[in-house]
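Reviewing the structure listed below.
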Amino acid sequence: MSKLKKCFILVILTIFTCNLAIAQLRPPAVPLITIDPYMSCWSTSDNLYDTWPQHWTLHTHAMCGLIRIDGSTYRFMGDLTNVDAIPQTDLQVTATQTEYQFKGAGVQLNVKFTSPLLVDDLDLLSRPVNYVTFAVKSIDGLEHDVQVYFDATAEWAVNSTDQVIQSSRVNIPGLMAMKTGTISQNILGRRGDSVRIDWGYLYLAVKNEKALTSRMANGSVCREQFIIDGELDKNNDDTSAKSVKDNFQALSLAFDLGIVNRVTAEKHLMIGYDDIDSIQYFHRGLKAWWARNGKTIGQALTEAANDYQKTMSKCDTFDKKLQMDAFASGGEKYADLCVLVWRQVIAAHKLVADVDGKPLFFSKENNSNGSIGTVDVTYPSTPMFLVYNAELVKGMLEPILFYRESGAWTKNFAAHDVGTYPIANGQTYGGDMPVEECGNMIILVAAIAQVEGNADYAGIHWQVLSEWAQYLKEKGFDPENQLCTDDFAGHLAHNANLSIKAIVGLGCYGKLAIALGHKELGQQYLKVAKEFAVAWKKKAKDGDHYSLTFDKKGTWSQKYNLVWDEILDLNLFDDDIADDEIAYYLKIQNKYGLPLDSRRTYTKSDWVLWTAAMTDNKKDFDAIVDPMWKYVDETPSRVPLSDWHETPDGRCVGFRARSVLGGYFMKMLADKNIKKSTTVSFDWNSYVAPKIPVYEIVIPTSLAKPSVWKYTFNKPADNWFMSDFDDSSWKSGKGIFGTAMTPAIGDSIGTTWNTDDIYMRRTIELPKMKYDSLRLRIFHDEDTNVYINGVLAASLKGYTATYVDVKLNPQAVKAIRPGQNIISVRCHQTMGGQGVDLGFSNIVSE
């Protein structure tokens with residue numbers, strides 16, 4: 001680089017430091033509280049007071065903010081229509097912080113939401129506490145009497161507002177703390193996509209001081225008291241158990257700032273959530289990383305209170321670093337995009353500690369199907385983590401590797417996922433993506449090696465990586481009719497972009513083999529990869545570009561997988577392939593970006609940013625990125641940023657709040673001048689993963705051995721599940737009950753069930769045994785309640801795409817007896833395929 005060019009960049013960066021937040025970009029949704037897939041709250045309007053804050057599922061997670069100035073009250077957060085708003089005058093979004101500014105009645109109010117999602121400090125990253133800071137000063141030269149109010153409702157702690165909650169005060173020395181949560185506390189009892197947590201507790205806490213008042217009661221009652229009195233009365237706390245919709249309970253507090261002048265008066269609070277158990281991982285409940293050594297939520301809140309200044313400083317420093325890194329790599333608009341997605345990407349994950357101490361970093365496939373640990377969701381998200389902490393990428397890959405190495409996954413290609421969030425007991429997605437997932441896993445292991453400068457992690461898992469490389473060698477060059485990560489577009493045979501992934505994967509395996517001392521094997525695989533790349537160019541050539549599939553000329557697709565060829569120094573493909581593709585893409589872009597391929601006008605913005613990183617030409621890079629910035633700025637879909645949108649009008653097609661937007665960092669990963677950071681290191685080789693429980697069949701499912709049930713589609717009497725209920729008028733039918741081609745049961749239907757509900761009963765014979773090791777082996781689509789001898793044994797929400805083994809409620813275990821037992825089942829269906837089948841298994845070993 002010339003001295004003149006270096007000088008120019010230095011001047012630009014110096015100027016840019018004056019504005020280290022998004023100043024012009026209008027986020028489709030603004031991050032407020034972001035911790036994990038359950039604690040992910042956003043403002044979906046231009047002004048913070050236009051609408052109530054929402055969870056990414058678009059259900060209300062209400063927070064209300066009021067400011068009382070000289071006896072007159074104004075709202076700054078929440079759609080409280082009976083209170084005038086103080087005008088919002090500014091919004092600044094940095095990587096970890098969102099700051100709103102309001103001006104009115106002679107004062108300026110700044111409200112800052114801080115999520116300390118710093119990947120170089122895993123304890124801080126995992127700690128389930130965010131800060132909300134209020135700063136007030138006079139702007140008219142006069143003094144003003146000011147109080148600030150904040151509340152969060154119990155909607156945060158339920159999946160539906162008909163659930164019963166109870167609030168209480170919590171004794172944490174030095175803090176005023178309140179919590180709310182459901183009465184039922186069915187921990188890890190709900191899985192699925194568009195669901196919210198209904199176990200654990202929401203906390204609101206602040207350091208104790210005289211100028212602080214608080215109350216737990218109906219939100220309207222608390223707000224009205226503040227409007228009238230400027231304070232709250234904890235003596236009127238409502239701690240009764242009520243459904244949310246019957247009370248809309250709020251945890252509320254008020255700060256009395258007293259007389260405010262031109263010197264800023266500042267207060268802050270903490271909002272957090274203790275989920276107790278975070279993930280079930282092959283039938284073991286795992287704690288969040290922060291709680292791995294027995295730390296309590298009270299201790300976490302105390303630490304957060306004591307570390308406030310230090311944490312805020314660390315967030316400020318990181319925010320500046322990220323924006324400067326992104327700006328240096330791709331310019332101002334590119335930096336805006338990277339800044340905006342930081343919290344969204346991390347909050348779509350949960351960091352937990354395995355029983356042997358490993359950090360596992362589970363993604364949730366938000367607004368898609370709710371899968372956990374999905375490989376082709378991990379794949380696009382990893383550039384962000386490879387730049388800032390590759391240990392978290394290992395934490396994403398480890399469950400898939402363990403799944404195969406344990407023997408629980410028996411196929412010779414990589415699994416798609418390890419379950420449905422938050423239950424990671426094995427794949428639940430109904431289809432496989434063999435070439436896709438094998439290629440993804442090998443490429444990402446190679447990327448870790450590239451970042452770290454060694455192949456140690458690959459060596460730990462060499463046997464299974466070798467198996468997957470062999471699969472790519474046999475099946476990858478001209479893929480058969482398979483799903484790939486773009487599964488929403490359907491199956492596709494002879495997929496040219498998928499072929500690139502397989503070829504790159506083979507090249508990666510070759511490089512890893514050489515790095516691990518297997519020189520001959522490595523050279524063999526590199527030779528195969530190079531031969532495939534040469535053949536690919538001839539087979540995919542379609543005039544001035546390369547086709548979507550080998551057998552369909554006149555088509556095209558983004559060849560985003562090609563970006564790894566240069567990043568990983570493979571040099572398998574001729575340089576002119578990327579050049580030709582970029583030139584072609586620039587001819588066919590729409591207003592809001594480059595379509596995914598020739599079949600439709602929609603695109604995936606993560607892949608667009610990967611495609612942009614394929615060029616070293618700044619003008620071409622900007623030409624691809626600028627429409628993406630424009631899409632984010634102008635999309636009419638006010639949701640946490642969608643990665644799947646229509647390029648003509650910018651509307652969200654589907655998918656929101658997903659982790660895949662970590663792919664926006666691909667340009668930074670590709671830049672050789674960006675120093676990759678791995679500041680936290682673990683000795684992965686020293687850990688011994690736990691064994692997956694082994695089960696024996698006690699009562700076979702109908703899939704294994706046909707069984708006859710009594711059943712009805714009509715709602716029976718209220719006591720239908722009791723042992724002495726007379727079901728003689730019900731019909732008899734063979735399991736499985738459901739509709740054909742529902743995932744996991746296929747055409748194995750014994751009796752067609754296509755109504756909303758089914759009620760089933762059956763008598764089973766159980767031997768004398770240790771019943772607390774008995775498990776319900778069940779497939780259900782969708783919500784299912786199972787009773788044993790009239791006692792609720794399991795209440796299961798959503799669906800599975802395979803059979804799972806479920807622990808029985810303790811009360812039901814006590815109701816089991818040797819000999820005859822009555823099993824009663826209700827399954828409720830809302831959409832799509834449906835079915836239910838069950839038997840019983842027993843844990844032989846753990």
Side-chain angles (χ1 to χ4, degrees), residues 375 378-379 382-383 385-387 390-391 393-394 396-398 400-401 404-405 412-414 434-477 498-537 561-575 577-578 613-614 666 669-672 674-676 678 681-686:
V375 178
T378 292
Y379 179 65
T382 51
F385 299 105
L386 288 166
V387 171
E391 294 297 302
V393 181
K394 297 175 189 176
M396 289 187 252
L397 302 185
E398 196 71 13
I400 294 293
L401 291 160
R404 178 66 184 116
E405 291 164 347
N412 66 336
F413 50 79
V435 172
E436 174 73 41
E437 311 301 24
C438 287
N440 291 343
M441 292 296 292
I442 295 173
I443 290 169
L444 292 179
V445 171
I448 291 170
Q450 181 89 344
V451 169
E452 294 187 333
N454 65 73
D456 293 352
Y457 186 71
I460 298 170
H461 300 290
W462 191 242
Q463 183 176 343
V464 69
L465 293 174
S466 299
E467 178 183 60
W468 293 341
Q470 181 63 30
Y471 184 90
L472 292 181
K473 186 177 177 182
E474 295 174 359
K475 301 285 189 179
F477 172 67
L498 187 58
S499 176
I500 292 174
K501 177 171 291 181
I503 296 167
V504 170
L506 291 169
C508 287
Y509 180 79
K511 281 196 67 174
L512 290 169
I514 292 172
L516 290 169
H518 310 301
K519 186 175 180 181
E520 185 177 345
L521 178 66
Q523 290 175 340
Q524 174 193 338
Y525 269 84
L526 284 171
K527 182 174 182 291
V528 170
K530 184 63 178 178
E531 290 172 350
F532 280 176
V534 171
W536 184 95
K537 184 175 183 180
N561 288 312
L562 194 61
V563 71
W564 292 110
D565 191 40
E566 181 177 347
I567 291 177
L568 300 179
D569 297 321
L570 299 172
N571 303 312
L572 299 171
F573 292 87
D574 291 343
D575 292 341
I577 295 175
M614 287 163 47
M666 182 58 87
L669 182 65
D671 285 349
K672 307 302 182 185
I674 296 294
K675 186 179 184 297
K676 316 314 186 283
T678 301
S681 184
F682 296 89
D683 181 7
W684 291 84
N685 200 30
S686 68

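Small disclaimer: the values here were computed from a predicted structure and weren't measured.
Ring geometry, Tyr509 versus Trp462: the interplanar angle falls under 30°, so the pair is classed parallel (tilted spans 30 to 60°).
Rounding to the nearest 0.5 angstrom, the gap separating the CG atom in Leu472 from the CD atom in Glu436 is 10.5 Å. Note: Ile460 CD1 to Leu401 CG = 10.0 Å, rounded to the nearest 0.5 Å. To the nearest 0.5 Å, atom CD1 of residue Ile577 and atom CE of residue Met614 are 9.5 Å apart. Note that CD1 of Ile448 and CG of Asp456 are 11.5 Å apart. Values are rounded to the nearest 0.5 Å. One distance of note links CG of Asn561 with CD1 of Ile503; it measures 10.5 Å at 0.5 Å rounding. Here the SG atom belonging to Cys438 is positioned 11.0 Å from the NZ atom belonging to Lys501, to the nearest 0.5 angstrom.
Of the residues listed (Thr378, Leu444, Val375), the one engaging Met396 in a side-chain contact (heavy atoms from CB on, under 4.5 Å) is Thr378, and it is the only one. For the pairing with Phe532, the ring-ring contact (aromatic ring centres under 6.0 Å, His included) check across Tyr525, Phe573, Phe477 returns one residue only, Phe477.
Residues Ala458 and Leu465 come closest through the heavy atom pair O-CD1, 3.7 Å. Closest approach of Cys508 to Ile442, counting heavy atoms only: CB-CG2, 4.0 Å. Closest approach of Gly476 to Val435, counting heavy atoms only: CA-CG2, 4.2 Å. The nearest pair of heavy atoms linking Val451 to Ala390 is CG1-CB, 4.3 Å. Closest approach of Leu512 to Ala449, counting heavy atoms only: CD2-CB, 3.8 Å. A pairwise comparison of heavy atoms in Trp564 and Leu570 identifies O-CD1, 4.2 Å as the closest pair.
Residues Met666 and Val563 have side chains in contact (heavy-atom distance under 4.5 Å, counting atoms from C-beta outward). Proximity of Phe413 to Met441: side-chain heavy atoms (C-beta onward) are nowhere separated by under 4.5 Å. Using a 4.5 Å cut-off on side-chain heavy atoms (C-beta onward), Glu452 and Glu391 make contact.
Side-chain atoms of Lys519 do not come within 3.5 Å of backbone N or O of Ile514 as any donor-acceptor pair. Not one N or O on the side chain of Glu405 forms a donor-acceptor pair closer than 3.5 Å with the backbone of Val464. Formation of a donor-acceptor pair under 3.5 Å by the Lys511 side chain with backbone atoms of Leu568 is found in this model.
By the neighbour-count criterion of 12 heavy atoms within 6.0 Å, atom CD of Glu566 is sparsely surrounded, having that number or fewer from other residues, nucleotides or ligands. Remark: Asn571 CG is packed, more than 12 non-hydrogen atoms of other residues, nucleotides or ligands lying under 6.0 Å away. Counting non-hydrogen atoms of other residues, nucleotides and ligands closer than 6.0 Å to NZ of Lys527 gives a total of 12 or fewer. Within 6.0 Å of the NZ atom in Lys475, the count of heavy atoms belonging to other residues, nucleotides or ligands does not exceed 12.
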Evaluation steps, side-chain contact (heavy atoms from CB on, under 4.5 Å), between Asp569 and Gln450: CA-CA 9 Å; Asp569 297 321; Gln450 181 89 344; 3.1 Å; yes
Audit row: Phe385, Lys394, side-chain contact (heavy atoms from CB on, under 4.5 Å) steps and yes/no: CA-CA 10 Å; Phe385 299 105; Lys394 297 175 189 176; over 6 Å; no
Stepwise side-chain contact (heavy atoms from CB on, under 4.5 Å) check, Lys537 with Asp574: CA-CA 8 Å; Lys537 184 175 183 180; Asp574 291 343; 2.9 Å; yes
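When only modelled atom types and interatomic distance are considered, Gln470 and Glu474 share a side-chain donor-acceptor pair under 3.5 Å. For the 3.5 Å distance criterion, the side chains of Glu437 and Trp468 fail to qualify, holding no donor opposite an acceptor.
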